[in-house]
Number of protein chains: 2
Amino acid sequence: MSGTHTDVPAPPTVPSVLAHDLPRPVPADEFAACPVGETFRRVGDRWSMLLVILLGQRPHRYNELHRAIEGISQRMLTRTLRNLETDGLVRREVHPTVPPGVEYSLTPLGGTLLEPLSALADWAVRHEVEIEEARAHALRDRRAQR
Amino acid sequence: MSGTHTDVPAPPTVPSVLAHDLPRPVPADEFAACPVGETFRRVGDRWSMLLVILLGQRPHRYNELHRAIEGISQRMLTRTLRNLETDGLVRREVHPTVPPGVEYSLTPLGGTLLEPLSALADWAVRHEVEIEEARAHALRDRRAQR
DNA sequence: CTGAATCCTCTATGATACTG
DNA sequence: CAGTATCATAGAGGATTCAG
């Protein structure tokens with residue numbers, strides 16, 4: 001965050017991404033100052049982390065991933081993989097067989113993500129119950145107060 | 001998925017999450033019920049992680065946070081703080097002064113998140129350049145191909 | 001100062017159908 | 001098998017206004 005300036009006069013950013021489905025129409029990186037926020041927004045969607053974790057175990061074929069995740073649509077699987085590929089985290093290899101076989105795997109860079117990601121995942125598992133309890137508690141209180 | 005005998009003989013369908021080499025055994029749940037995915041969806045939005053990191057440095061007042069983040073709307077700041085509070089990660093203390101002062105801080109549970117989060121943030125900072133380069137490269141290739 | 005309420009836009013994601 | 005193309009929708013998130 002490079003902030004500290006309280007008077008950013010709304011630069012004419014926002015190039016109005018009217019293009020519906022383009023791959024990353026360059027999101028006017030005025031906000032890209034903080035790499036942490038940037039990265040979280042890039043890998044912080046619903047599927048990226050799971051894909052990285054899956055591919056961290058071993059390379060996978062497209063439909064293998066599709067079956068393994070069970071709940072992701074083809075559209076999002078493809079899109080997420082392409083994003084990860086663009087960011088240099090995932091490699092896509094096409095084998096010119098018939099029918100074509102495509103194998104996805106982590107790049108070395110992607111491999112380095114695996115460790116901090118595991119730390120987070122580990123945290124999630126370890127504190128799952130506490131969070132559940134906190135939520136239950138909060139919701140109970142909220143009801144009681146009305 | 002009936003009789004199509006491909007070369008992949010009935011894969012275990014439920015790949016264990018994070019089976020590579022964690023310090024602790026991680027229960028291989030189904031992905032749908034995976035606490036990892038759940039937690040990521042809860043804390044994986046645009047602001048939660050940044051707030052936790054900020055509050056990890058020291059307690060903050062509401063407007064302090066608003067100024068510090070530069071880009072978040074009041075609406076989302078309040079909403080995100082409430083979510084974190086509900087999940088037991090953030091504590092909200094109202095001081096009955098005039099005008100009222102509200103202080104936000106991490107709970108002990110929230111404090112435990114700080115470490116894995118820092119690992120991720122660290123990764124983001126360390127590999128920022130590589131990612132940028134990968135993206136630039138990919139975009140260049142994409143243009144050249146047309 | 002710390003929000004709540006309202007309205008609105010854009011984005012992420014899904015469903016479905018089609019293709020090399 | 002490995003995608004694309006198209007349509008549709010819920011919800012994230014912002015802007016603005018009101019209030020204790």
Within this structure, what is the CZ-to-C1' distance between Arg61(B) and dT2(C), rounded to whole angstrom?
-> 9 Å

Enumerate all atom pairs, one protein N or O and one N or O from nucleotides 15-20 of chain C, separated by less than 3.5 Å.
none

Nearest of dT4(D), dG14(C), dA12(C) to any side-chain atom of Ile72(A)?
-> dG14(C)

Report the distance from atom OH of Tyr62(A) to atom C1' of dT4(D), rounded to the nearest whole Å.
-> 10 Å

Can you name the side-chain contact (heavy atoms from CB on, under 4.5 Å) partners of Glu64(B), sequence neighbours left out?
-> Arg58(B), His60(B), Arg61(B), Arg67(B)

Send over the distance from Arg82(A) CZ to dT13(C) C1', rounded to a whole Å.
-> 17 Å

Name all residues meeting the side-chain contact (heavy atoms from CB on, under 4.5 Å) criterion together with Arg135(A); count only those two or more places apart in sequence or in a different chain, and write none if there are none.
-> Ile131(A), Arg42(B), Thr86(B), Asp87(B)

Quick one: which residue pairs count as a ring pair (Phe, Tyr, Trp, His ring centres under 6.0 Å) with a foot in residues 83-131 of chain B, not counting sequence neighbours?
-> Trp123(B)-His127(B)

By side-chain contact (heavy atoms from CB on, under 4.5 Å), His66(B) pairs with (sequence neighbours left out) Asn63(B), Ile72(B), Gln74(B), Leu77(B)

Output all residues satisfying salt bridge (charged side-chain N to carboxylate O under 4.0 Å, His left out) with Arg91(B), sequence neighbours left out; order by chain, then residue number.
-> none

Angle of first-five versus last-five pair axes in the helix from dC1(C)-dG20(D) to dG20(C)-dC1(D), to 10 degrees = 50°

Does any non-hydrogen side-chain atom of Asp45(A) lie less than 4.5 Å from one of Asn83(A)?
-> no

side-chain contact (heavy atoms from CB on, under 4.5 Å) with Ala124(B): which residues, sequence neighbours excluded?
-> Thr39(A)

Ignoring the backbone of Trp47(B), work out which of dC1(D), dG3(D), dG13(D) is nearest its side chain.
-> dG13(D)

Across all chains, not counting sequence neighbours, the salt bridge (charged side-chain N to carboxylate O under 4.0 Å, His left out) partners of Arg82(A) are Glu85(A)

